[in-house]
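Presented below is the structure to which this report refers.
A, B, ... follow the sequence lines: proteins, then strands. Residue 1 opens every chain.
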Amino acid sequence: MKKLPRSFYLRPTLTVAKELLGKHIVTKASGHSMIGRIVEVEAYLGGKDPASHAYRGKTRRNEVMFLEGGHLYVYFTYGMHYCANVVTEEEGIGHAVLLRAVEPVEGVEAMTRNRNAGNRGKNPVGITNGPAKLCQAMGIGRSENGTDLAGDKIFITEGIDIPRSLIRSSPRIGVSKGVRHPWRFYINNNAWVSR
DNA sequence: TAGTTGATCGTCT
DNA sequence: GACGATCAACTAA
């Protein structure tokens with residue numbers, strides 16, 4: 001399937017966020033190729049957005065957010081979790097889209113194995129229906145921070161078309177600031193959306 | 001089923 | 001020194 005061009009990411013963040021729904025993210029870890037269909041995202045608009053890591057400008061932690069659109073920003077939080085974002089817009093802007101949930105398309109066994117390492121594994125939906133879960137399942141961690149999605153390690157391809165009528169929005173989850181903004185987008189009635 | 005809490009540590013104040 | 005763009009286990013009802 002066709003890899004998304006750089007130009008896809010260099011557009012307004014809210015547009016990119018909505019259009020990422022239905023796309024396929026491809027990763028390779030320990031020889032296994034894994035593909036997940038993006039079904040839930042959240043937009044973080046940098047300096048305009050108190051909930052964004054980039055709100056107060058560039059720091060060592062968030063510097064990847066200020067790269068050109070099409071890079072992967074992975075951050076570590078709560079002492080044990082990684083979350084992945086797709087950087088958008090031009091270099092120096094600091095906007096990104098958080099991947100909150102994916103639906104496994106290929107490599108389900110590998111993802112399940114990644115998730116079960118050390119813990120449980122009962123309901124299949126629980127394997128990638130959260131930002132930290134999908135990172136663990138798809139092998140995304142600190143060393144993937146800053147990865148260029150135009151490369152071959154991790155990239156996003158055309159997936160399936162999602163009719164506008166199936167796209168829903170709501171306030172973002174887990175944030176204490178900027179709650180009024182309905183910048184979480186997800187596919188209606190998709191079983192893999194979180195919660 | 002809803003609400004609470006422990007785990008665990010890098011980052012910024 | 002406080003606090004997360006979280007998760008899963010636990011408790012109460």
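Distance, A:Y55 OH to C:dA5 C1': 16 Å, rounded to whole Å. Rounding to whole angstrom units, CZ of residue A:R142 and C1' of B:dT8 are separated by 14 Å. One atom, CG of A:L98, and another, C1' of C:dT6, lie 11 Å apart when rounded to the nearest Å. If you measure from atom CZ of A:R180 to atom C1' of C:dA5, you get 17 Å, rounded to the nearest angstrom. Between A:R195 atom CZ and B:dT1 atom P the separation is 15 Å, expressed in whole Å.
Near DNA chain B, meaning a heavy atom under 4.0 Å from it, residues 58-81 of chain A has A:T59, A:R61, A:F76, A:Y78, A:G79, A:M80 in order of number.
No donor-acceptor distance shorter than 3.5 angstrom exists from the side chain of A:N129 to the backbone of A:S194, with no hydrogens or angles considered. Formation of a donor-acceptor pair under 3.5 Å by the A:E42 side chain with backbone atoms of A:R100 is not found in this model. Of the possible donor and acceptor atoms, one in the side chain of A:N62 sits under 3.5 Å from a partner among the backbone N and O of A:H53.
For the side-chain contact (heavy atoms from CB on, under 4.5 Å) criterion with A:M111, the lone passing option out of A:I127, A:T27, A:I35 is A:I127. Residue A:Y9 forms a side-chain contact (heavy atoms from CB on, under 4.5 Å) with just one option from A:V87, A:V97, A:L4, and that option is A:L4. With A:K3 as the partner, the side-chain contact (heavy atoms from CB on, under 4.5 Å) test is satisfied by one option alone out of A:D152, A:L149, A:V26: A:D152.
Taking the six-membered ring where tryptophan is involved, the planes of A:W183 and A:H181 are essentially parallel, since the angle between them stays under 30° and well short of 60°.
Ranking C:dC7, C:dA5, C:dA8 by closeness to the A:P131 side chain, first place goes to C:dC7. Comparing C:dA8, C:dA5, B:dT11 against the side chain of A:H53 picks out C:dA5 as the nearest. With C:dG4, B:dG10, C:dT6 as the candidates, the nucleotide lying closest to the side chain of A:S176 is C:dG4.
Look at A:K177 and you won't find any side-chain N or O under 4.0 angstrom from OP1 or OP2 of C:dA5. Contact check, A:R56 against B:dT11: no side-chain N or O comes under 4.0 Å of OP1 or OP2.
Around atom CZ of A:R56, no more than 12 heavy atoms belonging to other residues, nucleotides or ligands sit under 6.0 Å away.
Rounded to a whole angstrom, the distance from the P atom of B:dG3 to that of C:dA5 is 22 Å.
Helical stems involving DNA chain C, defined as 3 or more consecutive Watson-Crick or G-U pairs under 3.5 Å, span B:1-7 with C:6-12, B:9-12 with C:1-4.
Nucleic acid contact for A:A132: sugar-phosphate only, since backbone atoms but no base atoms lie under 4.0 Å from a heavy atom of the residue.
Going from atom NE2 of A:H95 over to atom CZ of A:F66 covers 8.5 Å, rounded to the nearest 0.5 Å.
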